[in-house]
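We name chains A, B, ... by the order of the sequence lines, and we start the count at 1 in each one.
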Amino acid sequence: MTALDFICLAPFLLLASAPIIIMLTITITRNIKVVYGFSLLMFLLSFISLFIVAPYIPHVIAPLFIIDSYSLLFLAIIIFAGFLITILSYIYISQQGDDKEEYFIILFVAALGASVLVVANHFISFFLGLETLSISLYILVAYIKTRSYSIEAGVKFLVIASVASAFLLFGMGLIYTATGSMNFKGVASALGSLHALSPILLTGFVMLLVGIGFKLALVPFHMWLPDVYQGAPAPVTALIATISKGAVLAIALRFFMDIQGFNNQAIFIALSAIAIISMFTGNLLALNQGNLKRMLAYSSIAHFGYLLITLLAGSTEGIHSAIFYIASYIITTLGAFGIISLLSVCSGNADSIDDYKGLFYKNPFMAIVMSLAMLSLAGIPLTAGFIAKFYLVLAGVKSGLWLLAFSLVINSVISLYYYLRVVTTMFTTSDQVKPSTIPLMGNLVLVVIVIGILFLGILPAWVSDIIASLS
Amino acid sequence: MTAYIPFIPAIPLLSSLIIILFGRILSKKIVAFLGVGSVSLSAIITIIAGINFISSTPENGSYTVTVWNWLTTGGFSANIAFSVDALSLIFCFVITFVGALIHLYSVEFMDHDEGFARFFAYMNLFVSSMLILVLADNLLLMYLGWEGVGLCSYLLIGFWYKEPENGYAARKAFIVTRVGDTAMIIGLFLLFINLGTLNINELMQQASLKWAVSSPLAILSAALLLGGALGKSAQLPLQTWLPDAMAGPSPVSALIHAATMVTAGVYLIARTHVLFALAPAVQAAVAVIGAATLIIAGFSALTQHDFKRVLAYSTISQIGYMFLALGVGAWSAAVFHFMIHAFFKALLFLGAGAVIHLLHHEHDMFKMGGLWKKLPIIFITFLIGSASLAALPLISAGFYSKDAILWFAWSSTNGSKWLWLAAYFGAFITSIYTFRMIFVTFFGEAKTEPTHKPGKLMTIPLVVLAIISLIGGFIELPENFGHFQIFSRFLSTTLPSVQLAGESHNELLFQILSAIASLLGIYLAYLLYFKKSSFAESFSNSQLANFFYKGWQFDWLYDKVFVKPLVWLSEINKNDFVDKIYTAIAKATEFLNSLLSRTQQGRLRWYVMVLTAGVVIILTFMLNL
Amino acid sequence: MNTIFYIAGAIALLSSILAITNRNAIHALLYLILSLLSISVIFYILGAPFIAALEVIVYAGAIMVLFIFVVMMLNIGLEEELENKWLKPRMWILPSIIAAILLANLIYALRVLEHQTVTPQIIQPKQIGISLFTTYLLAVELSAILLLAGIIGAYHIGKQKKKIIHRFLKK
Amino acid sequence: MVTVSLEVQILFAGLLFLIGLVGLLVRRNIIFMLMSIEIMLNSAGLVFVIAGSHWAQADGQVMFIFILTVAAAEVSVGLALILQMYHHFKTLDADALNTLRDKNER
């Protein structure tokens with residue numbers, strides 16, 4: 001370990017030290033406010049540390065990590081989302097029973113796991129990052145243990161995630177057996193010497209795909225998602241939807257690009273089929289869904305179906321559009337779950353779409369943010385979602401993926417139906433006009449999200465230029 | 001130096017947003033201040049920009065201000081960028097200046113309306129969209145403004161939405177213009193696919209480089225753009241919506257349906273004149289359509305009873321003149337007539353609106369009369385506006401602008417004696433129906449009593465517009481007297497000057513001819529409607545008059561040709577397969593939804609089973625490929 | 001040596017099957033421990049003595065004991081009739097078919113390795129230790145954090161609020 | 001030393017994996033499901049050890065240690081969850097966990 005290594009690991013060290021310091025403060029006094037303030041500070045510090053790291057990239061810490069501009073960008077997204085989720089979590093969790101402080105420890109471990117995934121280029125760091133993330137998520141999902149549905153979601157998540165990681169591990173094992181390397185580049189160079197993928201490697205890749213597909217909730221590995229979304233506390237759902245999925249997408253992109261997976265016809269066809277089926281399944285399931293969290297879960301299945309297009313495009317443009325898409329998806333999803341979580345705090349449960357009836361008359365700001373989030377998810381112009389979809393289609397079309405682009409367009413139309421249903425629900429009048437107020441910090445989060453959605457939608461050039469400058 | 005250009009459309013937009021968001025809280029005074037103030041501020045900025053532009057005209061005649069780059073990927077870029085040149089400055093000036101006066105007038109006109117804030121929000125939004133339309137440096141942004149003004153027009157025609165008829169009129173306007181818009185958007189795609197850009201300047205350069213004169217693509221895209229222009233500017237055959245659009249409040253008719261929005265088509269053609277020059281056939285069509293429209297609408301105006309419908313048909317007719325001018329290549333004459341027309345037609349609409357307002361919303365001219373004593377200021381200003389419309393020789397601004405068109409219709413290389421004859425005949429009819437309006441409304445015996453005198457806020461705009469309608473013509477005098485052509489010299493940096501076919505020795509002859517037409521028309525109107533000749537009575541009861549009254553039965557025709565067959569088709573299809581396809585799609589979606597939903601029944605083992613089965617299927621598939 | 005591999009392998013497979021089919025949880029766990037022990041034998045003869053030890057200590061020792069604790073806490077030894085109700089013979093059909101297809105695929109895929117044999121190479125614990133604390137040091141640190149999360153999570157979720165009601169207040 | 005072919009060794013691991021999988025799919029008792037998962041994870045670790053000794057690298061065994069760590073953490077959280085599940089649902093039946101699901105009310 002050199003000094004440079006330590007500098008480049010600064011964000012990770014900060015994220016890793018946070019749980020330990022929180023534990024120490026808990027031994028002194030159990031004060032949630034202290035923990036909360038400290039958590040915000042640590043996320044802020046680790047965000048700042050990214051700028052310290054920036055001059056030294058790309059830096060490889062052999063053999064586990066590679067810190068390049070690409071991973072730095074994902075790190076920024078993750079830490080930013082982590083910061084907002086911390087605020088939402090505090091507002092949400094401070095209403096709950098005892099032992100609230102541990103929540104933040106686990107939150108940091110989850111963020112650490114996700115960050116490791118982003119820089120991993122080795123099976124060991126891949127697996128450990130994934131599991132660090134998963135285990136923290138089991139805990140967070142079931143964190144409010146007095147709720148039976150939280151526990152149910154936790155058990156389901158744990159069992160299926162474990163199965164998926166068993167598959168993932170077995171797949172890694174097979175690839176290791178066939179290539180003798182666990183490093184992505186090593187695997188890629190071993191593949192380069194083969195003219196065709198041997199069946200054992202294909203089997204390995206399919207099993208690896210289970211692990212990734214599970215986390216991204218692609219059909220047919222998607223079944224857990226709605227149940228977990230519904231059962232988990234709203235901020236945790238936001239965490240799953242944003243940080244977890246973003247990090248897994250990052251490593252999937254890296255692995256896929258390293259091994260040039262799109263060049264293999266079998267993998268290409270299989271992934272295309274998964275993408276198209278995911279789009280249709282997600283959107284069809286969302287159509288009649290009365291539970292908003294479940295609806296968003298189904299819509300997320302469809303969105304990650306769209307995102308597979310970037311993988312299959314196999315071009316730098318594909319990667320750039322993927323980063324833009326995930327950034328806009330994360331900010332938009334945070335908006336939606338932010339509203340759900342804030343509303344759950346101030347008026348009990350806010351899962352059902354019916355709970356949003358007349359929201360516009362109770363709290364116009366929240367209703368506008370929610371509408372904006374829905375419009376962005378649907379891909380209406382001047383929101384982040386539109387630009388993201390536009391880049392996506394462009395990348396797909398440039399690589400000649402007409403079928404995929406076509407089904408994306410069809411599915412966008414289908415999805416419009418249920419997104420707009422939420423919007424119209426909020427604007428229908430309801431008899432009970434009890435104004436609901438939210439804490440100041442909650443409003444702040446929403447303002448940041450609104451700015452984010454509109455910024456990406458109106459001035460996408462700024463962000464897309466940054467993305468395009470990545471090598 | 002140029003950084004303030006974006007504020008011209010931004011200020012009204014901002015004010016509109018403020019009124020929309022806080023309209024309920026704000027008092028009427030603040031709303032009025034915001035509404036009028038924002039447009040006035042834009043007008044001031046426009047004038048500053050104009051002065052700057054004249055004092056230091058850029059070399060190529062225009063400069064561009066990029067506000068931001070919305071998207072750029074692989075050859076396609078969508079900018080929010082404004083391009084300032086002589087043409088857009090003139091349009092901006094008219095929009096903001098006339099707009100500010102109309103806003104001021106509206107403060108009094110709409111005073112007792114419950115939708116006061118809503119009205120100003122829409123009006124400001126309209127001004128902003130219209131400014132975006134004329135300032136846009138690419139066709140995509142222009143299309144945004146184009147749709148924006150369409151939306152505002154729709155909202156404002158149906159402003160008094162409690163009357164269902166107003167809603168129908170709004171929808172009619174929206175749908176008819178939509179026919180043109182569809183053609184236009186196809187045209188935009190065509191241009192983008194073939195020339196690879198939507199930036200207007202680049203587009204024009206590319207077009208003249210890549211396309212030969214009369215090449216099929218040039219003709220097709222010019223024709224498609226013309227379609228959009230026809231819809232927006234209410235020209236044949238898409239003119240039917242404008243008379244019905246008079247359902248909106250009078251200031252709306254003045255601003256949107258007379259002075260600005262309906263001339264967007266003129267702007268579009270002038271802006272893309274290079275393209276039209278490449279397609280002479282289409283340009284000739286523009287002239288013919290203009291000539292036909294001006295006569296047809298003139299006859300319709302002759303028979304109307306509703307005050308505002310006369311003006312509506314006259315607007316269609318006057319825009320016909322502008323199209324005629326565009327068609328013969330007299331670009332600056334068209335723009336000149338647009339400007340003068342905006343002044344006097346806004347004046348006429350505001351005057352008419354004031355009369356209607358003060359007479360308990362009485363629209364029928366024949367139920368008015370003798371108003372000249374009771375409403376002297378309105379009468380005088382209205383008379384000045386009418387003189388301009390009827391092109392009264394020498395003293396009215398309308399004379400100079402219309403005379404230029406008549407002259408070029410004859411003398412331009414694209415002109416012909418037939419076009420001139422149509423325009424000449426149109427001028428004659430124009431002066432008849434204009435003074436018919438004057439004699440019927442302001443003279444004769446009084447049939448109604450105005451409730452009160454118009455207030456200051458209403459009279460000031462009338463007076464200002466009346467003064468401009470008198471003197472506005474002197475900025476562009478014909479060659480044979482004065483040869484004072486500041487206007488066309490200003491425009492020459494942007495638009496090419498007209499190509500004359502022959503020598504100009506007989507220009508005076510044409511001026512005398514058109515003066516005769518104008519005076520003759522007034523005299524005829526005097527005979528028929530002041531002296532109450534029996535012919536006027538019998539004519540207005542004739543079949544022919546009824547035919548004109550119904551706007552040459554275009555509505556009836558469209559009803560028979562398009563609407564009825566469609567209704568018939570959809571009716572016989574009610575149980576037919578087309579419907580079945582749609583219900584089948586809906587059913588299939590629902591079925592798939594319930595099928596998939598059944599998979600999500602919460603059983604953990606089933607979830608794992610699906611996951612495993614998925615692995616097995618994918619693996620089997622991949623190993624056997 | 002090959003014979004030992006086959007014998008240990010057979011025992012491992014058999015006891016695993018018994019473990020998943022047994023109705024009594026404690027019995028099943030004991031079978032599972034047997035299976036893990038025989039896998040540890042295989043580790044040993046594959047040249048991984050350190051892993052063999054860990055398999056016994058951590059898997060068979062610690063993790064399985066954890067299971068047994070939970071089973072005993074929940075007293076589910078008494079629920080054999082329930083298991084009888086839950087385990088219908090026809091429930092085995094579909095999973096077995098899926099597993100069989102997967103197995104067929106696996107056999108097909110593994111044919112490429114047909115003629116490769118493991119080179120007899122013993123990897124000493126020292127080598128693993130060096131590797132762990134030099135190359136993979138950061139991974140070790142990460143797994144420490146992971147375990148920390150596991151401990152806190154298990155503590156938080158497993159903790160039951162004790163409801164202590166004074167005997168006078170009991171009804 | 002062993003001279004069994006690599007194919008057979010990996011196949012052995014695969015068989016263990018599949019036994020775990022079948023157990024997972026069949027058993028309704030959540031404890032048995034967790035046990036089956038342990039079998040699967042263990043078999044995946046086995047593959048790494050086999051491959052490690054095939055390539056004469058320590059990496060395979062290192063990976064096994066990490067799998068072990070993760071399995072331990074997973075089991076501890078899993079068992080805690082089972083305790084809570086028993087507390088809430090009064091059963092260990094995995095199929096009883098179906099309060100979260102699509103309701104076809106519309």
query: Quick one: of D/Leu68, D/Ile65, D/Ile10, who has the most non-hydrogen atom pairs under 4.5 Å with chain C?
result: D/Leu68

task: Find the one option among D/Glu74, D/Gln61, D/Gln57 whose heavy-atom pairs under 4.5 Å with chain C are most numerous.
output: D/Gln61

message: I need the minimum non-hydrogen distance between C/Ser131 and D/Val62, along with the two atoms involved.
response: OG-CG2, 3.7 Å

- request: Please state whether the rings of C/Tyr136 and D/Phe66 are parallel, tilted or perpendicular, taking 30° and 60° as the class boundaries.
  value: perpendicular

query: Does atom CZ of C/Phe5 have more than 12 heavy-atom neighbours, drawn from other residues, nucleotides or ligands, at distances under 6.0 Å?
result: yes

- request: Please determine, among D/Leu25, D/Ile82, D/Val70, D/Leu79, the option with the most heavy-atom pairs under 4.5 Å with chain C.
  value: D/Leu79

query: Heavy atoms, side chains only, cut-off 4.5 Å: are C/Tyr59 and D/Leu41 in contact?
result: yes

message: Is C/Thr21 close to chain D through its backbone or its side chain, or both, or neither, when contacts mean heavy atoms under 4.5 Å?
response: backbone

field: Euclidean distance, C/Leu74 CG relative to D/Lys90 NZ, rounded to 0.5 Å
entry: 10.5 Å

query: Just how far is it from atom CD1 of D/Ile39 to atom CG of C/Leu32, taken to the nearest 0.5 Å?
result: 5.0 Å

task: For chain C, find which of D/Leu83, D/Leu18, D/Val26 contributes the most heavy-atom pairs closer than 4.5 angstrom.
output: D/Val26

- request: Measure distances from C/Phe50 to the heavy atoms of chain D and classify the residue's part below 4.5 Å as side chain, backbone, both or neither.
  value: side chain

- prompt: Taking side chain as C-beta onward, heavy atoms only, is C/Met73 less than 4.5 Å from D/Tyr86?
  reply: no

query: By a 4.5 Å heavy-atom criterion (distance strictly below it), what part of D/Leu34 contacts chain C: side chain, backbone, both, or neither?
result: both

- request: Report yes if the side chains of D/Val8 and C/Leu110 come closer than 4.5 Å at any heavy-atom pair, otherwise no.
  value: no

task: Check each atom of C/Leu13 against the heavy atoms of chain D and say whether the ones under 4.5 Å are side chain, backbone, both or neither.
output: both

message: Restricting to non-hydrogen atoms, name the atom on D/Arg27 and the atom on C/Asn22 that form the minimum distance, rounded to 0.1 Å.
response: NH1-O, 2.7 Å

query: When heavy-atom pairs shorter than 4.5 Å are enumerated against chain D, which of C/Ala154, C/Ala12, C/Gly150, C/Gly158 gives the highest number?
result: C/Ala154

message: If I compare all heavy atoms of C/Ala19 with all of D/Phe32, which pair ends up nearest, and what's the gap?
response: O-CE2, 3.5 Å

task: Measure D/Asp95 against the heavy atoms of chain C and call it side chain, backbone, both or neither at under 4.5 Å.
output: neither

statement: Output for pair (D/Leu11 CG, C/Arg111 CZ), nearest 0.5 Å, gives 12.5 Å

statement: Counting heavy-atom pairs under 4.5 Å with chain C, the top scorer among D/Asn42, D/Val75, D/Leu24 is D/Asn42

- request: Heavy-atom pairs under 4.5 Å with chain D are the metric here; pick the option from C/Gly153, C/Ser16, C/Ser35 that has the most.
  value: C/Ser16

Spacing of C/Phe43 atom CZ and D/Ser53 atom OG [to the nearest 0.5 Å]: 10.0 Å

query: Heavy atoms, side chains only, cut-off 4.5 Å: are D/Gln9 and C/Ile42 in contact?
result: no

- prompt: Given a strict heavy-atom distance threshold of 4.5 Å, which part of C/Tyr155 is in contact with chain D: side chain, backbone, both, or neither?
  reply: neither

- prompt: Are any non-hydrogen side-chain atoms of D/Ile19 and C/Ile20 less than 4.5 angstrom apart?
  reply: yes

query: So, do C/Met91 and D/Arg28 sit near enough that their side-chain heavy atoms are less than 4.5 Å apart?
result: yes

- line: Honestly, the part of D/Glu38 sitting under 4.5 Å from a heavy atom of chain C is both

statement: Comparing C/Thr135, C/Leu147, C/Leu106, C/Leu94 against chain D, the one with the most heavy-atom pairs below 4.5 Å turns out to be C/Leu147

field: Separation of C/Leu142 CG from D/Thr69 OG1 (nearest 0.5 Å)
entry: 10.5 Å

field: Proximal component of C/Ile17, with respect to chain D [non-hydrogen, under 4.5 Å]
entry: both

message: Which heavy atom of D/Ser76 sits nearest to which heavy atom of C/Leu66, and what is that distance?
response: CA-CD2, 4.0 Å

query: In terms of heavy-atom pairs under 4.5 Å, which option from C/Ala149, C/Ala139, C/Ala100 contacts chain D the most?
result: C/Ala139

- line: From the list C/Ile152, C/Ile4, C/Val140, the residue making the most non-hydrogen contacts under 4.5 Å with chain D is C/Val140

Choice from C/Ile98, C/Leu29, C/Ile123 maximising heavy atom contacts with chain D below 4.5 Å: C/Ile123

query: Could you state the interatomic distance from CG (D/Asp59) to CG (C/Leu132), rounded to the nearest 0.5 Å?
result: 10.0 Å

- request: Let me know if D/Leu21 has heavy atoms under 4.5 Å from chain C in its side chain, its backbone, both or neither.
  value: side chain

